[in-house]
S.K.: 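Shown below is the structure under consideration.
Residue indices begin at 1 and follow the sequence shown. The basis for the numbers below is simple: all heavy atoms, side chains too, and nothing from hydrogens, waters or symmetry mates.
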Amino acid sequence: MIQSMTGFGSAENNGCRVEIRSLNHRFLDIYVKVPVFLSQLEMELRNLLKERFSRGKLDVSVFVPQAADSGMEVNRVFAGNIYSALKKLQEEYSIPGTLDINSLTNLRDIFSETQPSYDVDLIIAVFKQAMESLYEMRKTEGIQLARGLNQMLDALAAMTAEVRSLSSRVIADLTGKFNERIASLLAGKEIDSSRMLQEAAIIASKLDVSEEITRIESHLRQFREILGNGDIIGRKLDFILQELNREVNTIASKSSDYAISNLTVEMKTVIEQVREQVQNIQ
């Protein structure tokens with residue numbers, strides 16, 4: 001199923017909330033923002049995203065309420081050893097003063113922050129819900145993209161058919177004018193008919209765009225097939241667009257007909273519009 005690379009997914013349960021934002025990117029770029037005490041879960045969350053998505057810039061935010069049992073602890077053995085060492089030092093060198101609790105409060109090494117408790121299974125479950133929410137939105141956006149792209153392809157196909165019709169008329173008109181011009185220049189003189197046919201064929205081949213038109217029609221069919229049957233298709237579609245643009249440029253360079261020139265300009269405009277939309281596709 002075609003996916004857009006833009007979207008948003010979220011989920012919440014029992015105070016735990018997960019938000020995932022997705023934007024366009026050539027590759028899969030994941031940024032995970034979690035509380036410090038959940039840093040060990042980051043790799044598992046990344047792997048879950050890699051299993052579900054192939055391209056896009058994903059910004060993940062995980063919010064978990066601080067547990068009631070979080071706080072500070074004192075390393076009593078370490079604090080006792082420090083106090084005994086200070087007491088011994090005071091007695092040995094007759095250092096005046098009183099050793100009390102205030103003597104230890106500035107010693108940060110005796111304190112440690114207790115890690116808040118959290119439910120790993122709950123966090124993973126909420127994360128998966130947010131991930132599926134994002135997937136559904138990307139899929140919905142992808143369907144809308146496909147609908148718009150097919151309309152643009154219809155326009156390109158119609159313009160290609162018109163170019164085919166015009167090019168046949170242009171070649172016929174130029175052939176007639178060529179014959180009239182030669183007949184006028186060589187009036188009353190012998191004409192080498194085989195040489196004339198050869199020259200006419202060379203001119204016609206230079207102006208003929210039937211091969212380019214056939215390739216454009218083939219590229220359009222291939223584009224539709226990939227669009228309807230692919231999942232990771234953005235790069236493939238972008239390559240086909242490059243080929244389409246190349247064929248249209250060749251037609252523009254071959255033809256001097258005003259109507260065909262206008263059509264090629266319109267075709268390149270639509271191709272560029274298609275390219276802009278394809279940048280959103282996974």
S.K.: Any non-hydrogen side-chain atom of I271 less than 4.5 Å from a side-chain atom of L156?
M.R.: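 Yes, side chains in contact.
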
S.K.: Decide whether a cation-pi geometry holds between R55 and F27; the criteria are a distance under 6.0 Å from NZ or CZ to the six-membered ring centre and an angle within 45° of the ring axis.
M.R.: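 No cation-pi geometry.
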
S.K.: Could you walk me through whether N262 and T264 satisfy the side-chain contact (heavy atoms from CB on, under 4.5 Å) test, starting with their C-alpha distance in whole Å, then the side-chain angles of each, then the deciding distance to 0.1 Å, before giving a yes or no?
M.R.: CA-CA 6 Å; N262 280 344; T264 57; over 6 Å; no

S.K.: State yes or no: do L28 and L48 share one hydrophobic cluster built from I, L, V, M, F, W and Y residues joined by side-chain heavy-atom distances below 4.5 Å, directly or via other members?
M.R.: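 Yes, one cluster joins them.
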
S.K.: For I233 and L227, which heavy atoms make the closest approach, and how far apart are they?
M.R.: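 Closest heavy-atom pair between I233 and L227: CD1-CA, 4.1 Å.
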
S.K.: Enter the distance from H219:NE2 to T214:OG1 here, rounded to the nearest 0.5 Å.
M.R.: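 Between H219 NE2 and T214 OG1, I get 10.5 Å after rounding to 0.5 Å.
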
S.K.: For Q129, does its backbone N or O pair with a side-chain atom of S133 as donor and acceptor, under 3.5 Å?
M.R.: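 No, S133 side chain to Q129 backbone: no donor-acceptor pair under 3.5 Å.
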
S.K.: Start with the C-alpha gap between T160 and E217, add the side-chain angles, then the distance that decides, and say whether side-chain contact (heavy atoms from CB on, under 4.5 Å) holds.
M.R.: CA-CA 8 Å; T160 302; E217 292 170 340; 3.9 Å; yes

S.K.: I'd like to know if R275 pairs up with E272 as an ion pair, taking the criterion as any Lys NZ or Arg NE/NH1/NH2 lying under 4.0 Å from an Asp or Glu carboxylate oxygen.
M.R.: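 Looking at R275 and E272, the cut-off is met.
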
S.K.: If you measure from CD on E42 to NZ on K33, what distance do you get to the nearest 0.5 Å?
M.R.: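 So the gap between those two atoms works out to 13.0 Å.
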
S.K.: Among D119, L122, V18, find the one that has a side chain to side chain contact (heavy atoms under 4.5 Å, CB included) with N13.
M.R.: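 Exactly one option meets the side chain to side chain contact (heavy atoms under 4.5 Å, CB included) with N13, and it is L122.
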
S.K.: Grouping I, L, V, M, F, W and Y whenever their side-chain heavy atoms are under 4.5 Å apart, do M137 and Y135 come out in a common cluster?
M.R.: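 Per the 4.5 Å side-chain linkage, M137 and Y135 are not co-clustered.
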
S.K.: Say you draw a straight line from NZ of K128 to CG of L45; how long is it, rounded to the nearest 0.5 Å?
M.R.: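 Here the rounded value is 10.5 Å.
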
S.K.: Should L134 and F53 be marked as a side-chain contact (heavy atoms from CB on, under 4.5 Å) after you check the CA-CA gap, both sets of side-chain angles, and the distance that decides it?
M.R.: CA-CA 10 Å; L134 172 63; F53 306 105; 3.7 Å; yes

S.K.: Taking NZ, NE, NH1 and NH2 as the nitrogens, is one of them in R246 or E212 under 4.0 Å from a carboxylate oxygen of the other?
M.R.: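 Answer for the salt bridge query: no.
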
S.K.: Y83, F78: one ILVMFWY side-chain cluster at the under-4.5 Å cut-off?
M.R.: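 Linked within one cluster.
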
S.K.: Mind checking whether S22 and T6 have side chains closer than 4.5 Å, heavy atoms only?
M.R.: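 S22 does not reach T6 side chain to side chain.
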
S.K.: Answer with yes or no whether the hydrophobic clustering places I226 together with L244; edges join I, L, V, M, F, W, Y residues whose side-chain heavy atoms lie under 4.5 Å apart.
M.R.: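 As far as the 4.5 Å side-chain criterion goes, L244 and I226 are connected within one cluster.
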
S.K.: Look up atom CD1 in I240 and atom CD in E225, then write down how far apart they are to the nearest 0.5 Å.
M.R.: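 That separation rounds to 9.0 Å.
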
S.K.: Is there side-chain contact between V120 and I124, with heavy atoms separated by less than 4.5 Å?
M.R.: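 With C-beta onward as the side chain, the pair touches.
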
S.K.: Inspect the surroundings of CZ in F8 and state if more than 12 heavy atoms from other residues, nucleotides or ligands are less than 6.0 Å away.
M.R.: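 It does: F8 CZ has more than 12 such atoms within range.
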
S.K.: Would the number of heavy atoms belonging to other residues, nucleotides or ligands and lying under 6.0 Å from CD of E211 be above 12?
M.R.: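 No, not enclosed.
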
S.K.: Could you tell me whether a side-chain N or O of Q282 sits under 3.5 Å from a main-chain N or O of G234, the two making a donor and an acceptor?
M.R.: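 A pair under 3.5 Å: no.
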
S.K.: Give a yes-or-no answer on whether the side chains of S210 and D208 include a donor-acceptor pair shorter than 3.5 Å.
M.R.: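 There is such a pair (donor and acceptor under 3.5 Å, judged by atom type) between the side chains of S210 and D208.
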
S.K.: Given L58 and Y31, is the side-chain contact (heavy atoms from CB on, under 4.5 Å) satisfied, shown in steps?
M.R.: CA-CA 6 Å; L58 304 180; Y31 174 74; over 6 Å; no

S.K.: Can you check whether V163 reaches M267 side chain to side chain, under 4.5 Å on heavy atoms?
M.R.: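 Of all side-chain heavy-atom pairs linking M267 with V163, at least one is under 4.5 Å.
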
S.K.: Regarding E92 and K88, does a basic nitrogen lie under 4.0 Å from an acidic carboxylate oxygen?
M.R.: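 Looking at E92 and K88, the cut-off is not met.
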
S.K.: Quick check against the 3.5 Å criterion: does E247 have a side-chain atom that pairs as donor or acceptor with the backbone of I216?
M.R.: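 Side chain of E247 to backbone of I216, a donor-acceptor pair under 3.5 Å: no, none is there.
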
S.K.: Rounded to the nearest 0.5 Å, how far apart are CD of E162 and OG of S165?
M.R.: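 So the gap between those two atoms works out to 7.5 Å.
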
S.K.: Can you name the nearest heavy-atom pair linking C16 to V64, along with the distance?
M.R.: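 Residues C16 and V64, closest heavy atoms: SG-CG2, 4.2 Å.
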
S.K.: What distance separates Q144 CD from R147 CZ, expressed to the nearest 0.5 Å?
M.R.: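 Q144 CD to R147 CZ: 4.5 Å, rounded to 0.5 Å.
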
S.K.: Taking N150 for its side chain and A146 for its backbone only, find out whether a donor-acceptor pair lies under 3.5 Å.
M.R.: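 Checked: pair present.
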
S.K.: F223 versus V278: any side-chain heavy-atom pair under 4.5 Å?
M.R.: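 Side-chain contact under 4.5 Å: yes.
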
S.K.: Of all the heavy-atom pairs spanning R224 and D154, show the shortest one and how long it is.
M.R.: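 In this case the closest contact between R224 and D154 is NH2-OD1, 2.6 Å.
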
S.K.: Using every non-hydrogen atom in the two residues, find where I213 and R164 come nearest and quote the distance to one decimal.
M.R.: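 For I213 versus R164, the nearest heavy atoms are CG2-NH2, 3.2 Å.
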
S.K.: Walk me through it: do R138 and E136 pass the test salt bridge (Lys or Arg N to Asp or Glu O under 4.0 Å)?
M.R.: CA-CA 5 Å; R138 284 176 45 137; E136 290 300 322; over 6 Å; no

S.K.: Using side-chain heavy atoms (C-beta onward) and a distance below 4.5 Å, is L145 in contact with N280?
M.R.: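 Yes, close enough: below the 4.5 Å cut-off.
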
S.K.: Provide the closest heavy-atom pair for M152 versus V270 in the form atom of the first, atom of the second, distance.
M.R.: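 Closest pair (atom of M152, atom of V270, distance): O-CG1, 3.8 Å.
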
S.K.: Counting heavy atoms not belonging to K268, are there more than 12 under 6.0 Å from its NZ?
M.R.: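 Yes, NZ of K268 has more than 12 neighbouring heavy atoms, counting only those of other groups under 6.0 Å.
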
S.K.: Looking at I143 and I2, what are the two nearest heavy atoms and their distance?
M.R.: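 Of all heavy-atom pairs spanning I143 and I2, the closest is N-CG2, 4.3 Å.
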
S.K.: Looking at E19 and R17, is there a salt bridge between them, counting it only when a charged N and a carboxylate O are closer than 4.0 Å?
M.R.: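 Salt bridge flag = yes for E19 with R17.
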
S.K.: Any side-chain heavy atom of S39 sitting closer than 4.5 Å to one from F37?
M.R.: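 Side chain of S39 against side chain of F37, heavy atoms only: no contact under 4.5 Å found.
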
S.K.: Quick test of your reading of the model: are R26 and D238 salt-bridged, counting only N-O distances below 4.0 Å?
M.R.: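 Salt bridge absent between R26 and D238.
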
S.K.: Within a strict 4.5 Å, meaning less than it, do heavy atoms of the L149 and I281 side chains meet?
M.R.: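 They are in side-chain contact.
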
S.K.: Please say yes or no: joined through hydrophobic side-chain contacts below 4.5 Å, possibly via intermediate residues, are V60 and M5 part of one cluster?
M.R.: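 No, because V60 and M5 fall into different hydrophobic clusters, even though each may have its own neighbours under 4.5 Å.
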
S.K.: Are the side chain of S255 and the backbone N or O of I251 linked by a donor-acceptor pair below 3.5 Å?
M.R.: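 No.
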
